[in-house]
Amino acid sequence: MKIESVCVFCGSRFGNVPARRALAEETGRRLAGAGMRTVYGGGHVGLMGVLADAALRAGGEVVGVIPEFLHQQEVVHTGLTELLVTQSMHERKAKMHARSDAFLALPGGIGTLDEVAEALSWISLDLHRKPVILVDCAFWSPLARLLSEMEGAGFVSPALLESTAFVETVDEALALLATAGAQG
């Protein structure tokens with residue numbers, strides 16, 4: 001299966017490391033350049049807004065999915081290719097999953113962690129085999145260690161770890177997406 005649509009989880013804040021803002025911009029631009037649709041949380045703030053704006057400037061399609069109650073808090077992005085407004089966070093994540101062939105995670109807060117955890121959980125439950133790629137090893141290294149510990153302790157299957165990758169750069173992420181698309 002060719003990877004046509006990539007869900008990107010990332011922060012609604014900028015964080016305090018300027019390189020992460022550049023990472024979000026590069027991710028949006030490069031996904032658009034590769035002809036991949038970006039699906040994300042629908043906000044115009046933080047790394048989410050940087051990601052969406054970069055993808056749109058590069059001529060990409062961007063689908064935002066935002067629950068009604070966050071419509072104002074996250075200052076919804078009004079220039080998207082498509083905006084879906086949901087009733088709940090659960091519905092938001094389900095729509096993001098349904099509209100995507102793969103998942104990328106950039107740095108973010110507890111909401112980003114929740115989205116990543118659900119994508120990983122759905123692999124464990126055999127609900128999907130879509131790749132989950134976490135970009136920025138320095139940021140995600142605690143989660144990589146935790147998953148390895150869980151697998152070593154017999155709580156996480158090797159299949160979960162096989163579907164999950166931790167990479168440093170957008171180049172590495174795009175290479176993995178290309179490989180996954182060729183194998184699917």
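Just so it is clear, the model here is predicted, and its values are computed rather than measured.
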Interatomic distance, [X] atom [atom1] to [Y] atom [atom2] [nearest 0.5 angstrom]:
{"X": "L113", "Y": "E118", "atom1": "CG", "atom2": "CD", "answer": "12.0 Å"}
{"X": "E91", "Y": "E68", "atom1": "CD", "atom2": "CD", "answer": "11.0 Å"}
{"X": "L134", "Y": "S141", "atom1": "CG", "atom2": "OG", "answer": "11.0 Å"}
{"X": "D126", "Y": "L160", "atom1": "CG", "atom2": "CG", "answer": "11.5 Å"}
{"X": "C137", "Y": "E168", "atom1": "SG", "atom2": "CD", "answer": "4.5 Å"}

Is it the case that over 12 heavy atoms from other parts of the model lie below 6.0 angstrom from the [atom1] atom of [X]?
{"X": "I110", "atom1": "CD1", "result": "no"}
{"X": "E149", "atom1": "CD", "result": "no"}
{"X": "R13", "atom1": "CZ", "result": "no"}

Would a 4.5 Å heavy-atom cut-off, applied to side chains only, mark [X] and [Y] as touching?
{"X": "L84", "Y": "R92", "answer": "no"}
{"X": "V116", "Y": "W140", "answer": "yes"}
{"X": "L104", "Y": "V132", "answer": "no"}
{"X": "I3", "Y": "M36", "answer": "yes"}
{"X": "I123", "Y": "R129", "answer": "yes"}
{"X": "F139", "Y": "R20", "answer": "yes"}
{"X": "I66", "Y": "T86", "answer": "no"}

Nearest heavy-atom neighbours spanning [X] and [Y]:
{"X": "E25", "Y": "V50", "answer": "N-CG1, 3.5 Å"}
{"X": "R29", "Y": "A54", "answer": "N-CB, 3.9 Å"}
{"X": "L106", "Y": "C10", "answer": "CB-CB, 3.7 Å"}
{"X": "P67", "Y": "V85", "answer": "C-CG1, 4.4 Å"}
{"X": "V170", "Y": "V135", "answer": "N-CG1, 4.3 Å"}
{"X": "S100", "Y": "F103", "answer": "CB-CE2, 4.3 Å"}

Apply side chain to side chain donor-acceptor pair (under 3.5 Å) to E172 and T169, showing your working.
-> CA-CA 5 Å; E172 292 171 281; T169 67; 3.1 Å; yes
Please report the C-alpha distance between V39 and V8 in whole Å, then the side-chain angles of each, then the deciding distance to 0.1 Å, and finally whether the side-chain contact (heavy atoms from CB on, under 4.5 Å) criterion is met.
-> CA-CA 6 Å; V39 176; V8 181; over 6 Å; no
Just by modelled atom types, is the [Y] backbone N or O under 3.5 Å from a matching donor or acceptor in the [X] side chain?
{"X": "T27", "Y": "L23", "value": "yes"}
{"X": "H128", "Y": "A119", "value": "yes"}
{"X": "S163", "Y": "P131", "value": "no"}

Return the orientation label for the W122 and H97 ring planes: parallel under 30°, perpendicular over 60°, tilted otherwise.
-> tilted
N-O pairing of [X] and [Y] below 4.0 Å:
{"X": "R21", "Y": "E26", "answer": "no"}
{"X": "R99", "Y": "E82", "answer": "yes"}
{"X": "K130", "Y": "D101", "answer": "no"}

Applying side-chain contact (heavy atoms from CB on, under 4.5 Å), run through M96 and V63 and close with a yes or a no.
-> CA-CA 9 Å; M96 291 168 79; V63 177; over 6 Å; no
Indicate if L83 and V62 have the same hydrophobic cluster label, given that clusters are the connected sets of ILVMFWY residues with side-chain heavy-atom separations under 4.5 angstrom.
->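 As far as the 4.5 Å side-chain criterion goes, V62 and L83 are connected within one cluster.
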When hydrophobic residues are tied together by side-chain contacts of less than 4.5 Å, even through go-betweens, does L161 share a cluster with V167?
->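 Different clusters.
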side-chain contact (heavy atoms from CB on, under 4.5 Å) with F166: which of I133, L147, D136?
->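 Of the listed residues I133, L147, D136, the side-chain contact (heavy atoms from CB on, under 4.5 Å) partner of F166 is L147.
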